[in-house]
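Below is one structure, written out as structure tokens; comments come after it.
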Amino acid sequence: MSAPEIRVFNTMQQTKVPLSPITPGKLGIYVCGPTVYSFVHLGNARTFTSFDTIVRYLRFRGFEVRYVRNYTDVDDKIIKAAHDANEDPIALAARFIREFEADAQALHLLPPDVAPKVSETIPEIIAIIERLIDRGFAYASGGDVYFEVRRYPAYLKLSKKRLDDFVSGAGERELLLENKRDPLDFALWKAAKPGEPSWASPWGEGRPGWHIECSAMSAKYLGETFDLHGGGLDLIFPHHDNEIAQSEAASGKTLCNCWLHGGFLDLEGAKMSKSLGNVVRLRDALAQVDAEALRYFFLTTHYRQALSFSDKQLADAETRMEYFYETLKKVDERLEGKDFGPGPVHQDPGRFLRELDAAMADDFNFPGALGALAGLFNEMNQLTDKPPVKDKASVGRTLVALREVARQASRALGLFEDVPARWLSRRRDRQVTRYGIDPQQVEAAIAARHAARAEKTPEGFKAADQIRADLKAQRVEIMDTPQGTTWKVSAEPAS
RNA sequence: GGCGGCAUAGCCAAGUGGUAAGGCAAGGGUCUGCAAAACCCUCAUUCCCCGGUUCGAAUCCGGGUGCCGCCUCCA
């Protein structure tokens, strides 16, 4: 049984193409990381989660993936934010890099193999710019250096725009000529202004323009041609078009074989973006909802489609994670310390993993993979609670196999990576805090109910049921199990 | 004005030529002293509208309508 061929939607060709690594078994991927002038919001988090999941899956499939995600720590916005905060720009950027790393860890994002910074790539940036000037694609002007777009015929090949559309179009934004030969030329290097971070260069003190850093960093860590380049949809133009122009004009080689772009996160019908101001910070969201629940929520929609932020859907995602963890906990308890010996297993436990693999291989179909999970967990529950076969050893062996499939799925998707009991108790603790529940009072009520039930009289049961109803009104749900009475907090109060 | 995307049940969402995955919600059932959890059953003759191609279309083509995005701040 061979693994399904991986097909990926390439923005350049606007169609799905087979994934074909430059070096068999290896993949280099560059993801445009944050410009660190403030906290990341959920829209950013969605994109990074999508590529995190893609990297996990590719590794699950056996590829040796080199994952590069940069920090843009030199930029107009950083300079402005630093000025407003009366802080050194490099220091402000460093601060927000630390904040980003804290958020990324909280979201369970894999650390990239390399996380380069613009401020540490200046020599490489200058070298590319010099090469572009030598080759006649760029010119120095008044301390700035610009890329001359009319000299590069393939310009805009990613976004499929045409240069002339910019001139005759009704774009609201005014195109400024400044020191440029053409208003559409873009800056590779900007002459320093007082108070700005700057570096020495052949054109005087200055700093890199916005796009050039990615050309320099990707070449430095992945080579002049690499396999996959990812980012949000809003980076296609101008950022990626400009990256392509710079890199390919300088090297004469294809920058990247396949371009991946993630869809937006919408809030109330509009793209969540800092410029619109309709953002929810990642850390604020994580104070309210479990990280894996947020991840599950992101995975409920294909990575290229728009996803609408919704408290309801987020709450559903957390309920779903609870189902997964409850199931895993139950199965682990059933299997603990048991050896069912060799022998046949029930049905075909591996089919769920194949289904998941097939979905992910088809342009990373996250919702399809989640569908496979539904079958897997349903079967685990069936076998633990209501096994359809009498042979207990066979059921046990099957559960062992299914539990292993769940581990593989976890590795491929980055979900339910925690110890089930720990995740569940952490969730309860969070809700106890959120709703101001007193656990000791709950335990006391459970003890009182236990005593009332022990009477086994109509009055006793009536009293026990009243205690249950009272607790439920406080969102506390109690469950009688063979191991005793446990409780949890439900999201909704009893109506 | 140019370019691109989307429209599938009450809600979320897969599916791109072969007869509508999955989740949530809802209703019924099993289990339970009562519950919860879990499991089982039911829940779109139909995929925004109108034409066309085809033995066959949610899927392809043409024309509408609506929503969203990019057009040098943006994941």
Side-chain angles (χ1 to χ4, degrees), chain A residues 11 14 31-35 37 40-51 75-77 80 156 159-162 164-166 168-173 175-176 183-184 186-187 210-211 230-239 241-242 261-266 269-276 296-297 300-302 304-308 310 312-313 315-317 319-320 322-323 326-327 330 355 359 362 365-375 377-378 380-382 384-386 388 453 456-458 460-462 464-465 468-469 472 477-481 485-488 490:
Chain A
T11 307
Q14 309 260 272
V31 174
C32 286
T35 299
Y37 65 97
V40 285
H41 64 249
L42 284 177
N44 304 320
R46 183 198 177 192
T47 296
F48 295 134
T49 300
S50 293
F51 289 110
D75 169 88
D76 292 352
K77 298 222 148 189
K80 184 177 183 305
L156 307 176
S159 67
K160 324 292 185 217
K161 295 178 188 297
R162 288 191 318 229
D164 293 337
D165 294 338
F166 288 85
S168 59
E172 310 80 41
R173 218 176 291 256
L175 290 165
L176 299 172
L184 294 167
F186 56 91
W210 172 30
H211 319 288
L233 220 49
D234 46 1
L235 294 183
I236 293 175
F237 179 86
H239 189 238
D241 271 325
N242 290 1
H261 290 98
F264 298 132
L265 183 70
D266 292 347
K271 170 191 170 187
M272 183 181 286
S273 75
K274 290 173 189 168
S275 51
L276 288 176
Y296 185 93
F297 168 67
T300 57
T301 297
H302 185 96
R304 282 191 287 106
Q305 300 291 8
L307 168 64
S308 289
S310 144
K312 163 83 166 57
Q313 299 298 326
D316 285 352
T319 303
R320 193 66 181 151
E322 184 180 36
Y323 167 79
E326 289 281 11
T327 304
K330 189 164 61 179
E355 193 185 324
D362 182 13
N365 187 338
F366 300 159
L370 262 26
L373 244 37
F377 280 77
N378 176 264
M380 282 195 280
N381 274 119
Q382 270 189 60
T384 4
D385 291 355
K386 313 209 165 173
R453 287 179 72 207
K456 292 196 192 304
T457 60
F461 283 128
K462 198 178 169 196
D465 289 348
R468 176 192 290 287
K472 193 167 183 182
E477 197 83 63
I478 57 178
M479 295 91 74
D480 295 323
T481 75
T485 299
T486 60
W487 60 281
K488 66 171 184 173
S490 54

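All values below were derived from every heavy atom in this structure, side-chain atoms included, with hydrogens, water molecules and symmetry-related copies excluded. Residue numbering restarts at 1 for every chain, and letters A, B, ... go by the order of the sequence lines.
For A:Q305, the side-chain contact (heavy atoms from CB on, under 4.5 Å) partners at least two apart in sequence or on another chain are A:T301, A:H302. Every residue meeting the side chain to side chain donor-acceptor pair (under 3.5 Å) condition with A:T327, not counting sequence neighbours, appears here in chain and number order: A:N381. Remark: A:K80 engages A:D84 in a side chain to side chain donor-acceptor pair (under 3.5 Å) (not counting sequence neighbours). Under the rule for a side chain to side chain donor-acceptor pair (under 3.5 Å), the partners of A:T485 that lie at least two apart in sequence or sit in another chain are A:D480.
B:rA9 and B:rA20 have their P atoms separated by 16 Å, with the value rounded to a whole Å. Annotation: B:rA26 and B:rC73 have their P atoms spaced 47 Å apart (nearest Å). Atom name P, nucleotides B:rG23 and B:rG69: the rounded distance is 32 Å, in whole Å. For the P atoms, the distance linking B:rA58 with B:rC50 amounts to 13 Å, nearest Å. Separating the C1' atom of B:rC48 from that of B:rU59 is a span of 15 Å, rounded to the nearest Å. Nucleotides B:rG17 and B:rA7 are separated by 16 Å at their P atoms, to the nearest Å. Taking atom P in both B:rU19 and B:rC24, the straight-line distance is 26 Å, to the nearest Å. Straight-line distance between the P atoms of B:rG15 and B:rG52: roughly 29 Å, to the nearest whole Å.
The shortest side-chain heavy-atom distance between A:T300 and A:Q313 does not fall under the 4.5 Å cut-off. With a 4.5 Å cut-off on side-chain heavy atoms, A:M272 and A:R46 do not count as touching. In this structure, A:H41 and A:L265 have side chains that are not in contact, with every pair of non-hydrogen atoms separated by 4.5 Å or more.
Figure legend. B:rU54 is base-paired to no nucleotide; pairs are counted as Watson-Crick or G-U wobble with both atom distances under 3.5 Å. Using the Watson-Crick or G-U wobble rule with both distances under 3.5 Å, B:rA21 pairs with nothing in any strand shown. Partner assigned to B:rU72 is none, using Watson-Crick or G-U wobble distances below 3.5 angstrom. Nucleotide B:rC6 has B:rG66 as its partner under the Watson-Crick or G-U criteria, with both atom distances under 3.5 Å. Remark: B:rA38 base-pairs with B:rU30. Criterion, Watson-Crick or G-U wobble with two distances under 3.5 Å.
In this model, the phosphate group of B:rC39 is approached by a side-chain N or O of A:N378 to a distance below 4.0 Å at OP1 or OP2. A close approach under 4.0 Å does occur between a side-chain nitrogen or oxygen of A:K274 and OP1 or OP2 of B:rA75. Distances shorter than 4.0 Å separate none of the side-chain N or O atoms of A:K161 from OP1 or OP2 on B:rU72.
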For this session: Evaluate the criterion side chain to side chain contact (heavy atoms under 4.5 Å, CB included) for residue pair A:I478 and A:R468; output intermediate values, then yes/no.
Result: CA-CA 7 Å; A:I478 57 178; A:R468 176 192 290 287; 3.5 Å; yes
Exercise. Does the side-chain hydrogen bond (donor to acceptor under 3.5 Å, both in side chains) test come out yes or no for A:S275 and A:S273, once each step is laid out?
Worked result: CA-CA 5 Å; A:S275 51; A:S273 75; 3.3 Å; yes
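With rounding to whole Å, A:I236 atom CD1 is found 15 Å from B:rU72 atom P. Atom CG of A:L276 and atom C1' of B:rC70 are 13 Å apart (whole Å). Whole-Å rounding puts the A:K312 NZ to B:rA25 C1' distance at 6 Å. The separation between A:F237 atom CZ and B:rU72 atom C1' is 5 Å, rounded to whole Å. Here B:rG69 presents its C1' atom at 17 Å from NZ of A:K160, a figure rounded to the nearest Å. Put simply, CZ on A:R304 is 12 Å from C1' on B:rC6, counting in whole angstrom units. One atom, CZ of A:R162, and another, P of B:rC71, lie 18 Å apart when rounded to the nearest Å. Taking atom CG on A:D164 and atom P on B:rG1, their separation rounds to 18 Å, with Å as the unit.
Taking only distance into account, the side chain of A:S159 never meets the base of B:rC3 through a donor-acceptor pair shorter than 3.5 Å.
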Contacts under 3.5 Å, N or O only, protein and nucleotides 13-15 of chain B:
| residue | atom | partner | partner atom | Å |
| --- | --- | --- | --- | --- |
| B:rA14 | OP1 | A:H302 | N | 2.9 |
| B:rA14 | O3' | A:N365 | ND2 | 2.9 |
| B:rA14 | O2' | A:N365 | ND2 | 3.3 |
| B:rG15 | OP1 | A:N365 | ND2 | 3.3 |

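Atom NZ of A:K462 sits in a sparse spot, with 12 or fewer heavy atoms from other residues, nucleotides or ligands closer than 6.0 Å.
Here A:G43 lies in heavy-atom contact (under 4.0 Å) with a base. Residue A:G269 is in sugar-phosphate contact alone, with no base atom involved, counting any heavy-atom pair closer than 4.0 Å across all strands shown. Residue A:L233 is classed as having no contact, given no heavy-atom separation below 4.0 Å to the nucleic acid. No engagement by A:E326 is indicated, since no non-hydrogen atom pair under 4.0 Å with the nucleic acid exists. Note on A:Y323: only backbone sugar-phosphate atoms sit closer than 4.0 angstrom, heavy atoms only; bases stay farther off.
Considering OG of A:S310 and CG of A:D266, their distance stands at 12.0 Å, rounded to 0.5 Å.
In the set B:rC70, B:rC40, B:rA36, the nucleotide with an atom closest to the side chain of A:K488 is B:rA36. Considering only side-chain atoms of A:Q313, the nucleotide from B:rC39, B:rC11, B:rG69 that sits closest is B:rC11. Of the candidates B:rC24, B:rC39, B:rA75, the closest approach to any side-chain atom of A:L265 belongs to B:rA75.
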Problem set entry | Per-nucleotide protein contact string for nucleotides 26-35 of chain B, where B marks a base within reach and S marks sugar-phosphate only (heavy atoms under 4.0 Å, - for neither) | ----B--BBB
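Residues A:D316 and A:D266 both approach RNA chain B. Their nearest nucleotides, taken by heavy-atom distance, put A:D316 toward the 5′ side. Of the residues near RNA chain B, A:D385 and A:A369, the one whose nearest nucleotide (by heavy atom distance) lies more toward the 5' end is A:A369.
Using cut-offs of 30° and 60° for the angle between ring planes, the A:F186 and A:H211 rings count as perpendicular.
The shortest non-hydrogen separation linking A:V40 to A:P34 is CG1-CB, 4.4 Å.
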